[in-house]
Amino acid sequence: MSLLSRVAERVLGLPPAVTRDVEVRRGLRVPMPDGVELAADLYRPRRVPNAPTILIRTPYGRGGLLGAGVCRPFAERGFQVLVQACRGTGGSGGRFDPFGDERVDGLATLDWIEKQPWFHGGLLTFGPSYLGYVQWAMAADARDRITAMVPVVTASQFRDQTYLGDSYTLRGTLNWAAMMTAREGGPLRLLWHRVYGRRRAMAAMTHLPLSEADVRATGQPVEWFRRWLESDAPGHPYWVPERDHRARVREVVAPVHLVGGWHDLFLCSQLEDYAALREAGREPYLTIGPWTHSDRAGLGAAMSEALSWFRAHVAGDRRALREHPVRLYVQGAEEWRDHPEWPPPGAVRQTWWLQPGGGLAPSSPADSPPSRFRYDPSDPTPGVGGPLLDGKAAGPRDNAAVEARPDVLVFTGPALREPLEVIGPVTARIALRSTREHTDVFVRVCDVDPAGRSLNVCDGLQRVTPERFPADGDGVRSVTVRLWPTAYRFRAGHRLRVQVSSGSFPRFARNPGTGEPLGAAVRLLPADQEIFHDPIHRSGVTFPTFRTP
């Protein structure tokens, strides 16, 4: 295991180990209040007295890369690590019900840890994605029993990531359902899924009705995938209160260091958690890098940040912390910057308006007819790159093929005479007239280099309904779209580009145009779209801009 530890140390860029002598106790049983027992493994550095304990709770199994690449490296740096399989996974008893049992099970696990002879105080939590969500699930009730937390590429609720922009994130939800179902079937079925199952799941995304896509992807109904399709209303009892913990983030007293990525699908909700902590008078730290959801470099950076964060709060020595709590990687400039808070103060809001003839400029457009396209859900506009759960397909990608489609409008600005830096939240307002009352608006910002390559920077989609976006007397709806926040330098000689379309499939489920419940819809109706760019009905994207250093 020492060799694997050294490989992980090098790949993840971790600081040197303090010991290689680690004892592993496997198959510990942790009792829950209802009699179910959860399985756990304990990693202990033998030569480190009174080592503090890191708790990692996961639905993805206790061993493998998690054990060799996370648990053992933490133990070799002076921490005990208890890695526990969530209910119904990885040898733990009970039935896996995503998000539903993590608060109660997490708190019961804390009770058990505190009674163990090897526990010497200093309880820390770490983990990405679902492993971060479980931290939030118990944090408010745990109060100061948790010494410090590091939630990575995650949020206190997964509801909003399921229904981004009031749409349904089909690619992420169905792929995850297929992967978790394969895990339940054992190692051979999981291996089959990794070889063949992903293609099967992708093919299932085209099936209608969507309520049957789980069977097409996995060969069996997946109860919680179907519940997600049905439980889209904000505040739905399926989510609140036991699966959505955002309302209690303000009650969390443990010091929190949030680590996120500019191309991670949880970033918007993660920044809402940061804002809630700030509003409650807490002092969270925030690190955002140029990472996708499953980026190996992001995990290594998060582990390094966690080591500093944990040592500072276990020993009470704030000298181990950096001077400013917010650290952002500015893409394009390819450098890290430190700030006192998010969003950084001093931004100037600047709107770049869509112009006639496919132009883009910070000046108001001249009088002109709208630009038009037809969205046909039977041939949905494909998505490329962006903040996806699938790391191999996520992040900046060449948009040439998408921009050549007739159902994508492209508006491009002139070559920049000097660099333009955008750091903070990005929003769009699109003046739309559609032949359908139910449709979608997708907006993407790209950076076009001097060679003409168009790389996506940030984007967002908003589902349009007559109740949410009523039309004016001309039938035009003003649709606000929240794009992903970013920190990006558009270099001199580069051009800003804005795409406007009505989909990004299968990242988002296609809008059938009928207004029927998404899981039941089988009819697909095309929509003829008009995007306005005139002095009365302006469309544009608003950026928080900064003078370049």
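Computed from a prediction, not measured in an experiment: that's the story for all the values here.
Summarising the local packing, CZ of Arg296 is surrounded by 12 or fewer heavy atoms from other residues, nucleotides or ligands at distances under 6.0 Å. The number of heavy atoms from other shown groups lying within 6.0 Å of CD (Glu334) is above 12. Within 6.0 Å of atom CG in Leu65, 12 or fewer heavy atoms from other residues, nucleotides or ligands are found, so the atom counts as exposed in its surroundings.
For the pair Val256/Pro151, a side-chain contact is recorded, criterion being any heavy-atom separation below 4.5 Å from C-beta on. Inter-residue side-chain proximity for Leu124 and Trp309 is flagged as unmet; no heavy-atom pair is nearer than 4.5 Å. Looking at Val464 and Val441, their side chains come closer than 4.5 Å, going by heavy atoms from C-beta outward.
Aromatic ring centres of Tyr274 and Trp342 lie farther apart than the 6.0 Å criterion allows. Residues Phe373 and Tyr375 keep their aromatic ring centres 6.0 Å or farther apart.
Panel note: side chain Arg250, backbone Glu279; no donor-acceptor pair is recorded below 3.5 Å. Panel note: side chain Arg510, backbone Pro377; a donor-acceptor pair is recorded below 3.5 Å. Remark: side-chain polar atoms of Arg489 are not paired, donor with acceptor, to backbone N or O of Val330 under 3.5 angstrom. Checked by atom type and distance alone, the side chain of Asp244 never pairs as donor or acceptor with a backbone atom of Trp239 at under 3.5 Å. Side chain of Trp228 to main chain of Tyr163: no donor-acceptor pair is present (N/O by atom type, distance under 3.5 Å, no hydrogens or angles). At least one donor-acceptor pair under 3.5 Å links the side chain of Arg159 to the backbone N or O of Asp232. Looking only at distances, a side-chain donor or acceptor of Arg282 sits under 3.5 Å from a matching main-chain atom of Val252. Between the Thr206 side chain and the Ala203 main chain, a donor and an acceptor come within less than 3.5 Å of each other. A distance-only check finds no donor-acceptor pair linking the side chain of Arg248 to the backbone of Ala139 [under 3.5 Å]. With hydrogens and angles ignored, the 3.5 Å screen pairs a side-chain donor or acceptor of Thr545 with a backbone N or O of Val348.
Here the rule is salt bridge (Lys or Arg N to Asp or Glu O under 4.0 Å) with Asp459, and of Arg482, Arg397, Arg444 only Arg444 fits it. With Ile531 as the fixed residue, the side-chain contact (heavy atoms from CB on, under 4.5 Å) test singles out one of Val476, Ile430, Val479: Ile430. With Tyr285 as the fixed residue, the ring pair (Phe, Tyr, Trp, His ring centres under 6.0 Å) test singles out one of His257, His339, His324, His313: His257.
With sequence neighbours excluded, the residues satisfying salt bridge (charged side-chain N to carboxylate O under 4.0 Å, His left out) with Arg468 are Asp166. The salt bridge (charged side-chain N to carboxylate O under 4.0 Å, His left out) check on Arg477 picks up nothing, with sequence neighbours excluded. Under the ring pair (Phe, Tyr, Trp, His ring centres under 6.0 Å) criterion, Phe266 pairs with Phe158, His293, sequence neighbours left out. Listed by chain and number, the residues in a salt bridge (charged side-chain N to carboxylate O under 4.0 Å, His left out) with Asp449 are Arg453 (sequence neighbours excluded). Leu518 is linked by a side-chain contact (heavy atoms from CB on, under 4.5 Å) to Tyr168, Leu210, Leu229, Arg463, Ala509, Pro512, counting only residues two or more places apart in sequence or in another chain. Residues meeting the ring pair (Phe, Tyr, Trp, His ring centres under 6.0 Å) test with Trp136, sequence neighbours left out: none. Evaluation of the side-chain contact (heavy atoms from CB on, under 4.5 Å) rule for Thr292 yields His263, Asp295, Ala394 as partners, not counting sequence neighbours. Under the side-chain contact (heavy atoms from CB on, under 4.5 Å) criterion, Ser294 pairs with no residue, sequence neighbours left out. With sequence neighbours left out, the side chain to side chain donor-acceptor pair (under 3.5 Å) criterion links Asp407 to Thr381, Arg405. Residues meeting the ring pair (Phe, Tyr, Trp, His ring centres under 6.0 Å) test with Phe505, sequence neighbours left out: none. Judged as a side-chain contact (heavy atoms from CB on, under 4.5 Å), and not counting sequence neighbours, Glu323 has no contacts.
When only modelled atom types and interatomic distance are considered, Gln161 and Thr169 share no side-chain donor-acceptor pair under 3.5 Å. Checking Gln157 against Tyr133 by side-chain atom types alone, no donor-acceptor pair falls below 3.5 Å.
In this structure, Phe310 and Phe74 have tilted ring planes: the angle between them lies in the 30° to 60° band. Using cut-offs of 30° and 60° for the angle between ring planes, the Trp291 and Trp336 rings count as tilted.
The CD atom of Glu272 sits 10.0 Å away from the CG atom of Leu267 when rounded to the nearest 0.5 Å. The distance from the CG atom of Leu432 to the OG atom of Ser539 is 8.5 Å, given to the nearest 0.5 Å. To the nearest 0.5 Å, the span separating CG on Leu174 from CG on Leu389 amounts to 12.0 Å. From Glu283, atom CD reaches atom CG of Leu321 across 10.5 Å, with rounding to the nearest 0.5 Å. Here the CD1-CD1 distance, from Ile56 to Ile54, works out to 6.5 Å after rounding to the nearest 0.5 Å. Atom CG of Asp440 sits about 9.0 Å away from atom CD of Gln529, to the nearest 0.5 Å.
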Review point. Going through the distances and angles, do Gln270 and Ile288 end up as a side chain to side chain contact (heavy atoms under 4.5 Å, CB included)?
Key: CA-CA 10 Å; Gln270 189 170 38; Ile288 308 178; 6.0 Å; no
Practice item. Please step through side chain to side chain contact (heavy atoms under 4.5 Å, CB included) for the pair Ser478 and Phe469, ending with a clear verdict. Key: CA-CA 7 Å; Ser478 180; Phe469 298 101; over 6 Å; no
Practice item. Under the salt bridge (Lys or Arg N to Asp or Glu O under 4.0 Å) rule, what do Arg246 and Asp160 come out as? Steps first, then yes or no, please. Key: CA-CA 11 Å; Arg246 79 183 88 192; Asp160 287 3; 2.9 Å; yes
Exercise for review: With side chain to side chain contact (heavy atoms under 4.5 Å, CB included) as the test, would you mind laying out the steps for Val445 and Tyr488 before giving the verdict?
Suggested key: CA-CA 11 Å; Val445 175; Tyr488 197 92; over 6 Å; no
**Study point:** CA sep, side-chain torsions, deciding dist, call: Val70, Met303, side chain to side chain contact (heavy atoms under 4.5 Å, CB included)
**Key:** CA-CA 8 Å; Val70 177; Met303 292 178 67; 4.2 Å; yes
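Screening residues 343-365 for side chain to side chain donor-acceptor pair (under 3.5 Å) gives Gln350-Trp352, Thr351-Thr542, Ser364-Arg538 as the qualifying pairs, with residues at least two apart or on separate chains.
For the pair Arg322 and Glu305, the salt-bridge criterion is met [side-chain N within less than 4.0 Å of a carboxylate O].
Residues His537 and Asp472 approach most closely at NE2-OD2, 3.0 Å, considering heavy atoms.
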